[in-house]
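All residue numbers refer to positions in the sequence shown, counting from 1.
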Amino acid sequence: MTPNFGGLDLSSLADRLIALSKETTWVEFKVDNADPKEIGEYISALSNSAALEGRPRGYMMWGVTDDEHDVVGTQFDPDSRKIGNEDLIPWLVRGCDPQIHFSFHSFNHRGQPVVLLEVAAATTRPVMFSGKAHVRIGSYKKTLKEHPDHERRLWRLLDAEEIENIPVLDNLSDEDVVQLIDYPAYFKLMGRPLPANRSHIVEILEQDGIISHDIATSWSISNRGALLFANDLSDFPSLSRKAPRVIQYAKNSRIETIREQMGVHGYATGFQGLVRYISDLLPENEQISEALRTSHPLYPDLALRELIANALVHQDLAIHGSGPMIEMFDDRLEITNPGVPLVQPERFVDSPPQSRNERLARAMRQMGICEERGSGWDKVLFEIEYNQLPPPLVEVTEMHTKVILFAPRPLPSMEHDDRVRAVYQHACLSYVNRQAVNNASIRRRFAIAEHNKALASRLLREAVAAGYIVVYDSSAGPRSIRYVPFWADPDRTEV
């Protein structure tokens, strides 16, 4: 059987590479030259050159002449090659910085033994080997520093490149694409009729950037396309850890796990099922009003949907081995995503929205999965206040962002920091909605009886003392006094 790689047989790929121009910078041919140091330098050169040419991968092929591209066979065997007592592949891995994906494929082509090395294109910075970055200039391998114009252009491309647009799988046929991508869900979510034939399906997926041409008639799927519409994220090894993970614990600690579930489908195709799965696990909150007992979701559905969508959309895709996680406790729900926010958490309400993955976010908004830009956090706070819940808490670590929703808790049970945060979030939400923050609004926020105005005044004083809100007009009378967030203080001077 002909060896298979990424859905296309390797011999077909070899034919496509051999047919390319002899001056192609992202493909190199050798016969038997297998010097380990030179292979490492070629890994660097092909990775950087592929990035410069907008290619997902570079290739090096042994058993083919460099001048006429004749297939003559090779004696090179990467699996048996050693450097001292160390195998070739781990030796090459150690020499690469940053470490990138590359792999060797040995097979017969046109009756001759050949070896194909495929190297992923550089993504975050130029790839070096043994401390030096290389690049292909025409058909020659050179150090990148010898060609400063290429070095500057490569850095510009890598700085501007969006990870969501980088190919995650390539060398795919039409059949591979329709098997890997949940195209019926794509057309349903996008509100488009399902085309009658496969070629039209693939054409539309290409127009929307879900797939793109790789070599000749083969296809590659972008990170964004796979993350949104994968039938199974485990089909994309580099993205399998980006599947959302749901963990339910017993009581209020991580000591005992009740159940754990990893997501399977892409974010868009699996979002409704993910939210429904979490909602079904959550207990309901019983409320008694006018002698009637009613049950409500423990957390508002809109707030839950928006925060989960934000964790998916705003994660840092460059952080490997970590993905969105939803942890459920009796007294709280924690939603964590890799990456720190681009906006200070205290300014989520009023700051212009920013996203690392803008096309991913735009697609999610277009399909109605998350709210319009800039309104999501506002809606979360509105739902929290409307349902008289404790204020959400945002925690930022060195590499992650966590949003915590708390189960219903009466005001007397709230800690000082919770009360101050609730007043501050109320002030932020009121300010952007052009509404006043005063004693009456605080009573409404915490369901404080009118005769207990002193308690509302105390909450306001606590937030003022903590520096989170300020009196808007100190000359106003007691009945007219109102408050604004600290950043809206008309007398504030930016430092």
Basic-acidic side-chain contact under 4.0 Å: [X], [Y]:
| X | Y | result |
| --- | --- | --- |
| Glu358 | Arg365 | yes |
| Arg305 | Glu383 | no |
| Glu86 | Arg94 | yes |

Under 3.5 Å, which donor-acceptor pairs do the side chains of residues 181-188 form with other protein atoms, sequence neighbours left out?
| unit_1 | atom_1 | unit_2 | atom_2 | d |
| --- | --- | --- | --- | --- |
| Asp182 | OD1 | Ala185 | N | 3.4 |
| Tyr186 | OH | Asp208 | OD2 | 2.1 |

In the structure I gave you, are the side-chain heavy atoms of [X] and [Y] within less than 4.5 Å of one another anywhere?
| X | Y | answer |
| --- | --- | --- |
| Glu334 | Met325 | no |
| Ile369 | Tyr267 | no |
| Leu333 | Leu304 | yes |
| Val380 | Phe348 | no |
| Glu306 | Lys379 | no |
| Phe104 | Ile39 | yes |
| Phe102 | Leu92 | yes |
| Val484 | Val470 | yes |

Checklist entry - In this structure, which one of Asn171, Ile210, Val202 forms a side-chain contact (heavy atoms from CB on, under 4.5 Å) with Trp219? => result Val202
Checklist entry - Can you tell which of Val177, Val168, Asp170 makes a side-chain contact (heavy atoms from CB on, under 4.5 Å) with Ser220? => result Asp170
Judged by modelled atom types alone, do [X] and [Y] share a side-chain donor-acceptor pair under 3.5 Å?
| X | Y | result |
| --- | --- | --- |
| His416 | Glu462 | no |
| His400 | Ser322 | yes |
| Ser234 | Ser240 | no |

Checklist entry - Which class fits the ring pair Phe329 and Tyr249: parallel under 30°, tilted 30 to 60°, perpendicular over 60°? => result parallel
Checklist entry - When the ring planes of Phe486 and Tyr468 are compared, do they come out parallel, tilted or perpendicular, using 30° and 60° as the limits? => result perpendicular
Residue [X] excluded, over 12 heavy atoms near [atom1] under 6.0 Å:
| X | atom1 | answer |
| --- | --- | --- |
| Phe382 | CZ | no |
| Gln207 | CD | yes |
| Met399 | CE | no |
| Arg409 | CZ | yes |
| Phe236 | CZ | yes |

Look at the side chain of [X] and the backbone N and O of [Y], then say whether any donor-acceptor pair between them is shorter than 3.5 Å.
| X | Y | value |
| --- | --- | --- |
| Asp176 | Ser173 | yes |
| Asp97 | Met128 | no |
| Gln388 | Arg445 | yes |
| Asn48 | Val127 | yes |
| Arg421 | Pro391 | yes |
| Arg419 | Leu411 | no |
| Arg55 | Ser49 | no |
| Gln425 | Pro392 | yes |
| Asn231 | Gln179 | yes |
| Ser47 | Ala122 | yes |

Considering all heavy atoms, the nearest [X]-[Y] contact:
| X | Y | result |
| --- | --- | --- |
| Asn357 | Val313 | ND2-O, 2.8 Å |
| Ala268 | Leu189 | O-CD1, 3.6 Å |
| Ala121 | Ala51 | CB-N, 3.9 Å |
| His314 | Asn337 | O-ND2, 3.9 Å |
| Ala226 | Ile221 | N-CG2, 3.8 Å |
| Met364 | Leu312 | CE-CD1, 4.2 Å |

Gap between atom [atom2] of [Y] and atom [atom1] of [X] - 0.5 Å precision:
| X | Y | atom1 | atom2 | result |
| --- | --- | --- | --- | --- |
| Asp378 | Asn433 | CG | CG | 6.5 Å |
| Met60 | Leu116 | CE | CG | 11.0 Å |
| Ser44 | Ile100 | OG | CD1 | 8.0 Å |
| Glu28 | Leu17 | CD | CG | 12.0 Å |
| Leu429 | Ser441 | CG | OG | 10.5 Å |
| Leu274 | Gln261 | CG | CD | 10.0 Å |

Item to check | Chi angles and distances behind the salt bridge (Lys or Arg N to Asp or Glu O under 4.0 Å) call for Arg362, Glu164 | outcome: CA-CA 12 Å; Arg362 187 185 309 131; Glu164 58 181 327; over 6 Å; no
Next on the checklist: Using side chain to side chain contact (heavy atoms under 4.5 Å, CB included), reason through Met61 and Val27 one step at a time and then give a plain yes or no.
Outcome noted: CA-CA 8 Å; Met61 192 170 179; Val27 180; 6.0 Å; no
Checklist entry - Strictly under 6.0 Å, is that where the ring centroids of Trp91 and Phe129 end up? => result yes
Next on the checklist: Applying side chain to side chain contact (heavy atoms under 4.5 Å, CB included) to Leu317 and Gln315, what does each step give before you reach the verdict?
Outcome noted: CA-CA 6 Å; Leu317 297 175; Gln315 66 178 299; 3.7 Å; yes
Item to check | Qualifying residue for side-chain hydrogen bond (donor to acceptor under 3.5 Å, both in side chains) with Glu41, from Lys141, Lys132, Lys142 | outcome: Lys141
Checklist entry - Which is it for Phe446 and His426 under the side chain to side chain contact (heavy atoms under 4.5 Å, CB included) test, yes or no, and what are the steps along the way? => result CA-CA 10 Å; Phe446 292 98; His426 172 72; over 6 Å; no
Checklist entry - Can you check side chain to side chain contact (heavy atoms under 4.5 Å, CB included) on Ile278 and Ile308, steps first, answer last? => result CA-CA 10 Å; Ile278 294 170; Ile308 293 173; 3.6 Å; yes
